[in-house]
Amino acid sequence: MKIEGQVRIPSGCAIAAVISKEGRKMSGEKIIRAMQPMHDRSNGLGGGFAAYGIYPEYKDFYALHLFFDCRDTRKKCEQFLKERFEIVHSEIIPTRKIPAITDEPIIWRYFVAPFQSALASMQLDEKEFVARSVMKINTDLPGAYVFSSGKNMGTFKAVGFPEDVGVFYKLEEYEGYSWTAHGRYPTNTPGWWGGAHPFTLLDYSIVHNGEISSYDANRRFIEMFGYKCTLQTDTEVITYIMDYLVRVQKLTLGEAASVIAAPFWDTIEHKTDEIDKQKHLYLRTLFPSLLITGPFSIVLGFNGGLMALNDRLKLRSMVVGEKDDEVLIASEEAAIRMMEPDAKNIWAPAGGEPVIVTVKDGAF
Amino acid sequence: MMQIDAAGLEYRELNQQLRRCGEDCLLTGCCGQRFIGTGMAEHQITIEGVPGNALGAYLNGAQITVKANAQDAVGDTMNDGRIIIHGNIGDAAGYAMRGGRIYVKGNAGYRAGIHMKAYREKIPVMVIGGTAGSFLGEYQAGGVIVVLGLYADGKKIVGNFPCTGMHGGKMFLRGSCETIRFPGQVTSRPPTDDEMHELETYVNEYCAYFGGNAREILTSPFTVITPNSKNPYKQMYVTN
């Protein structure tokens, strides 16, 4: 494969999301439909979806989705898992054979619970233990990649156009209260199965349109805290940054958005709300290496909600609309209209202005 | 008038049908098809539904009317003709526009009028009825941008960093603009009598397309922004 410099691939990418604030379940057909008018934003080198609320029967277990290059790798990985987790159920993820999706790896899912004895001996809480186990597999087990590791959620991704990836994974058979989707147009990095979006860790998933100029600065900083960037593309670092800021540092989503899409110093200086000004000064001073520069529009999915965010210069497009209890988000209004033709209150959030939607208490 | 049902049509096929039709045309059921009317020199195209990005790119004299919102890069590098949007437009509207006119009933996204330019009789005009996002008129080199802020509800009618890198053309903003921070290389001032006459033409046309009382709109104070020609190369993005 030619790399950037040998060939110039113009940037594109498409993102979309839909969430029911009532926690009402929707099949995957709706979000697949959203990707159709944005077909030309992708080039067939990656498509994927994240779905929340799809595994109610295993909701107390971490759902690990894995790619393996061969049977031998799977056996090795299962041995590793068995030493650390109780595996309550494991199976091949059902797929359809279609001409548009080829060269698929071996794709399995495992519903697991960490052994209490393992947590006690490593002195870790459950989530940190799962996160470290994911990093260990992705780093130390060649040919095995965990591409989803949250509870009651899952990501589904492949090399192909997103509409085809949805058909491949039979997403019409899943019911979730929140869905995100991505069509990929890789610019600087290879188009491979592990490099398709969403990028997930625990229940955080990221779909991203753009490219991160600050990638290496961000990567060097985040790798000091045990995260390993192994997937050969920039977006995964956003997932780890959000996990670090929200789960580990316990920032609110809004504060995390102010770290990664911080306003210019000049804009902060001219703020009239003194408390807001001090907050931004504090966050920019404390986390300078986590400012993400370059164009991005992202949707962060998590259990019970999602957050959409543009870079501070708004170098990528993103629109938001509403229909009854649903909030719809996409790179283009046409995608929203494909999901809900009569969507209301269509608006474009400003650069750095997070849109946070949560499902009402107890509904997921 | 011909009618084309755009539902499910791919953009190439849609544009080919549009070119073949040879008369005024109504497109129904449009949803995200890009490049509609690219380079077309004649006839009126009316669009129902949301057209895709780069609507009327390189437009060369045709008139496009959209009954809904439009997406990004409306009128990219357009040369002549008119685009009339009965809703809002996305980012980078009128990108490198070099002639013709764009009228938007509602709001514009980021970077409206980026790198508009003019040459002799070719003077592009963009009239935005609502508010405009940040970086309005970025690198503007010519032409006219008007922002009326009709539905602003007391909020600022333009976002942050308007006129960054502006080095030609002119901008009319409704209101006295005291809270808006402009860069050092432009000057803001009230319009002259001649400029008020010029503005009247644009506002009359806006009201003819979308309704509203032109006289009432024109009783507000306006601010004109032009590059400071005394020292055009001092500090565009950096001090030099």
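Order of the sequence lines sets the chain letters (A, B, ...), proteins ahead of strands, with each chain counted from 1. Keep in mind that the numbers below use all heavy atoms, side chains included, and drop hydrogens, waters and symmetry copies.
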A/Arg316/B/Asp91 under salt bridge (charged side-chain N to carboxylate O under 4.0 Å, His left out): CA gap, chis, key distance, verdict:
CA-CA 9 Å; A/Arg316 288 292 179 271; B/Asp91 298 337; over 6 Å; no
Do other residues, nucleotides or ligands put more than 12 heavy atoms under 6.0 Å from [X] [atom1]?
X	atom1	value
B/Arg82	CZ	yes
A/Phe264	CZ	yes
B/Tyr209	OH	yes
B/Tyr103	OH	yes

Tabulate, in ascending numerical order, the residues of residues 141-157 of chain B having at least one heavy atom closer than 4.5 Å to a heavy atom of chain A, or enter 'none'.
none
What's the separation between atom [atom1] in [X] and atom [atom2] in [Y], rounded to the nearest 0.5 Å?
X	Y	atom1	atom2	result
B/Arg12	A/Asp40	CZ	CG	6.0 Å
B/Asp72	A/Ser317	CG	OG	4.5 Å
B/Cys31	A/Glu332	SG	CD	9.5 Å
A/Lys314	B/Arg111	NZ	CZ	8.5 Å

Examine whether an atom of A/His270 lies under 4.5 Å from a heavy atom of chain B, and if so say whether it belongs to the side chain, the backbone or both; otherwise answer neither.
side chain
Side chain from CB out, backbone as N, CA, C, O: work out which of these in A/Ala350 comes under 4.5 Å of a heavy atom of chain B, or both, or neither.
both
With a 4.5 Å heavy-atom cut-off, do B/Phe161 and A/Thr267 have their side chains touching?
yes
Are B/Tyr110 and A/Leu315 close enough that some pair of their side-chain heavy atoms sits under 4.5 Å apart?
no
State, to 0.1 Å, how close B/Gly32 and A/Ala334 come at their nearest heavy-atom pair, and which atoms those are.
CA-CB, 3.3 Å
Determine the option with the most heavy-atom pairs under 4.5 angstrom with chain A, choosing from B/Asn53, B/Asn107, B/Asn88.
B/Asn53
Given the rule in the side chain to side chain donor-acceptor pair (under 3.5 Å) test, do A/Glu333 and B/Gln71 qualify, once you have shown the distances and angles that lead to the verdict?
CA-CA 7 Å; A/Glu333 183 178 339; B/Gln71 297 188 161; over 6 Å; no
